[in-house]
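Single-structure report; data block below.
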There are 2 protein chains.
Amino acid sequence: MRPRDVAALGWLWRENFLPALIWVKEAPAYRGEGGFMITPAEPFQRFANRILPANLSDTVYFRFQALARASRLAKAHSLDFAGAGQQIVFVVDGATKLVAHASESRDQIVAFQFAGEVFTVPGPDNYSYSVSALKDCDILAFDSAEFLRLASSEAGVLHHLLENTTLSLRRCREKTIALGRKTAGERIAVFLVGMAERIGVEQDGRLVLELPMSRRDISDSLGLTIETVSRQLSKLRDDGVIETVGRSGVILNALESLRDRAGFLREAA
Amino acid sequence: MRPRDVAALGWLWRENFLPALIWVKEAPAYRGEGGFMITPAEPFQRFANRILPANLSDTVYFRFQALARASRLAKAHSLDFAGAGQQIVFVVDGATKLVAHASESRDQIVAFQFAGEVFTVPGPDNYSYSVSALKDCDILAFDSAEFLRLASSEAGVLHHLLENTTLSLRRCREKTIALGRKTAGERIAVFLVGMAERIGVEQDGRLVLELPMSRRDISDSLGLTIETVSRQLSKLRDDGVIETVGRSGVILNALESLRDRAGFLREAA
DNA sequence: TTCCGAATTTGATCTGGGTCAATGCCCTTC
DNA sequence: GAAGGGCATTGACCCAGATCAAATTCGGAA
């Protein structure tokens, strides 16, 4: 049974969670194999390959699987964990944004995530957080408390999770630096360089980006307005540093120049 | 041998690291006891109480101890990990700031830390990071790679570290929200409320803060200038929300009003 | 207790990026 | 392939907070 077929189940699928189990039939048979076969067990499988150690016992493996709630998230739709506590989310496929709602009409995008990435969604606190799909997504979500209870004696799982969290923290700190001490032009350059590293594709020696997020998303991520984002991109275009293709395509002609404009620490410092 | 005595050793102590071991003589005898006795083993002891599981074997305990580099850091002095990789730092006593150097004269304070807190210092990347003492400090530092190698099969240690990292991430995200979408007045209110939670002391029903950081530190943390910080504090004083005592004392007369000004999500939303 | 230098506060002015307002252009849908 | 609607761009103007410049005050040292 493929996700596609499952979708046909109708209401079960929708916006809501659904145990990943229904995607899974012969999981153990596939587990641990290299290469991502498109199999019924694929979503949890991919998660397991990335986060669970290869030598995990079947019993524990299935317990984790039972905790996973899979959801198919159509573009622009969002998961709201209001009421629930901290979550651990895996992006099986697609791209998402983690949005903090500061107040009416003031959203801050805390981070973007792409296929294969794991991240933590804070429980509600001073702000409420939600995860939105930048394009159609497949997502696995775990209640963090339940997940950690199960993982509490699995050093391998904790280690992977720690590494992922530390990476998120580093990215968040870099964003802090950008928002606290950089000009609009520098922020845009930082953004483009960062996206180039994460989703850039090389074509004819030039880096090509297909940005899944809108100008509003970019501005909500960088603490700017859409107008400023647009103006800065136009400036880069006028300067020949980038070319734009339609609404989402960006070609980076001069990555070095972009790095200079990003205001990073000089290498030779 | 107390830290105080050790300091008398002179050059060994200074700004440099020094194996924590020299602080330690009868560590095993004290380990696991409740209550923080001031003992020779105190620094590593405190760290162990917070991060290492109580049932850790002595062998492993001592291996961790051998990795610890203790340092006494005088106010305004800083540890520079340039060259070294990611670090795990424990603030035994005092208060520190984690500073990212964006470029000449543009520093961003990424986080403040107080006694008893553990945090990660990123390895050099697009920016270089350093840890500075807001007041005289005792600090333990571990090379992160070495620490994790040793901890890789110690689920208890990893679990604590993960919790600490997740907390840092949550704080960093809240800072992101503040820097991306809040006005100067809101940022100051957020800062004061946050400090109240971490180092506030209740006196006669009012919260009293003794801020260890200067106006420059506050401005470098909030992405503002010292002048703006000063003006916003004056405004709060004029409005009767706070009183200031000398350069570092702040009395919060109306925590609720501060919360309102912080632009947090309305509870009743 | 006085004194000095640095930290802070306060004031005046300037500006990067926000806001408001059209206009233009993708891209979807029919 | 024409049309419509939202997204993006561009322009004019404004303002929160930066910058520049004193004046004031704190708190350590003598």
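Being a predicted model, the structure only gives us computed values, none of them experimental.
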Taking N or O atoms only and anything under 3.5 Å, show me the protein contacts with nucleotides 9-11 of chain D, one pair per line.
unit_1 : atom_1 : unit_2   : atom_2 : d
D/dT9  : OP1    : A/Arg215 : NH2    : 3.3
D/dT9  : OP2    : A/Arg215 : NE     : 2.8
D/dT9  : OP2    : A/Ser230 : OG     : 2.9
D/dT9  : O5'    : A/Ser230 : OG     : 2.9
D/dT10 : OP2    : A/Ser234 : OG     : 2.4
D/dG11 : N7     : A/Arg231 : NH1    : 2.9

Extract from the structure each pairing of a protein N or O with an N or O of nucleotides 2-6 of chain D at less than 3.5 Å, listing the distance.
unit_1 : atom_1 : unit_2   : atom_2 : d
D/dG6  : N2     : A/Arg247 : NH2    : 2.1

Between A/Arg261 and A/Gln232, do the side chains contain a donor N or O and an acceptor N or O under 3.5 Å apart?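 No.
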Go through the side-chain N and O atoms of B/Ser221 and B/Lys97 and say whether any donor and acceptor fall under 3.5 Å apart.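 Distance-only check fails for B/Ser221 and B/Lys97.
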What one should report as the nearest heavy-atom pair of B/Phe114 and B/Val91 is O-CB, 3.7 Å
So which of residues 180-190 of chain A are in contact with DNA chain C, with a heavy-atom cut-off of under 4.0 Å?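 Hits under 4.0 Å, by residue number: A/Thr183, A/Ala184.
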Round to a whole Å and report the spacing from CG of A/Asp220 to C1' of D/dC7. 14 Å
Could you check how far CG of B/Leu179 sits from C1' of D/dG17, rounded to whole Å? 14 Å
Can a salt bridge be assigned to the pair A/Arg72 and A/Asp136 using a cut-off of 4.0 Å between side-chain N and carboxylate O? no
On DNA chain C, which is the earliest and which the latest nucleotide, 5' to 3', with an atom closer than 4.0 Å to a heavy atom of chain B? C/dA6 to C/dA12
Considering every strand and a 4.0 Å limit on heavy-atom distances, what is the contact class for B/Gly223: base, sugar-phosphate, or nothing?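 Since only primed, P, OP1 and OP2 atoms lie under 4.0 Å of B/Gly223, the category is sugar-phosphate.
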Touch class at under 4.0 angstrom, heavy-atom based, for B/Ser214 against every strand present: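 B/Ser214: backbone/sugar contact only, no base atoms under 4.0 Å.
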Quick check against the 3.5 Å criterion: does B/Thr176 have a side-chain atom that pairs as donor or acceptor with the backbone of B/Cys172?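 Between the backbone of B/Cys172 and the side chain of B/Thr176 there is a qualifying donor-acceptor contact (under 3.5 Å).
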Hey, does the side chain of B/Ser230 reach the backbone of B/Ile226 with a donor-acceptor pair shorter than 3.5 angstrom? no
Selection residues 193-208 of chain A - residue pairs positive for salt bridge (charged side-chain N to carboxylate O under 4.0 Å, His left out), sequence neighbours left out: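 Qualifying pairs, neighbours excluded: A/Glu117-A/Arg198, A/Glu197-A/Arg259, A/Arg206-A/Glu243.
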With sequence neighbours excluded, what pairs up with [X] under the side-chain contact (heavy atoms from CB on, under 4.5 Å) test?
X        : value
B/Ala111 : B/Gln113
B/Ser103 : B/Arg106
A/Asp107 : A/Val99, A/His101, A/Asp220
A/Leu252 : A/Ala196, A/Leu207, A/Leu209, A/Ile242, A/Val250, A/Leu255, A/Leu258

Across all chains, not counting sequence neighbours, the salt bridge (Lys or Arg N to Asp or Glu O under 4.0 Å) partners of A/Arg215 are none
Check salt bridge (Lys or Arg N to Asp or Glu O under 4.0 Å) between A/Glu227 and all other residues, then give those that pass, not counting sequence neighbours.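 Residues passing salt bridge (Lys or Arg N to Asp or Glu O under 4.0 Å) with A/Glu227: none at all.
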Worked check of side chain to side chain contact (heavy atoms under 4.5 Å, CB included) between A/Phe90 and A/Asp138: CA-CA 9 Å; A/Phe90 175 67; A/Asp138 288 323; over 6 Å; no
Using the C1' atoms of five pairs at each end, what's the angle between the two axes of the helix from C/dT1-D/dA30 to C/dC30-D/dG1, to 10 degrees? 50°
For this output row, return yes or no: ring centroids of A/Tyr127 and B/Phe264 closer than 6.0 angstrom.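 Yes, ring centres under 6.0 Å apart.
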Give a yes/no answer on whether the side chain of B/Thr225 brings an N or O atom under 4.0 Å of OP1 or OP2 in D/dG17. no
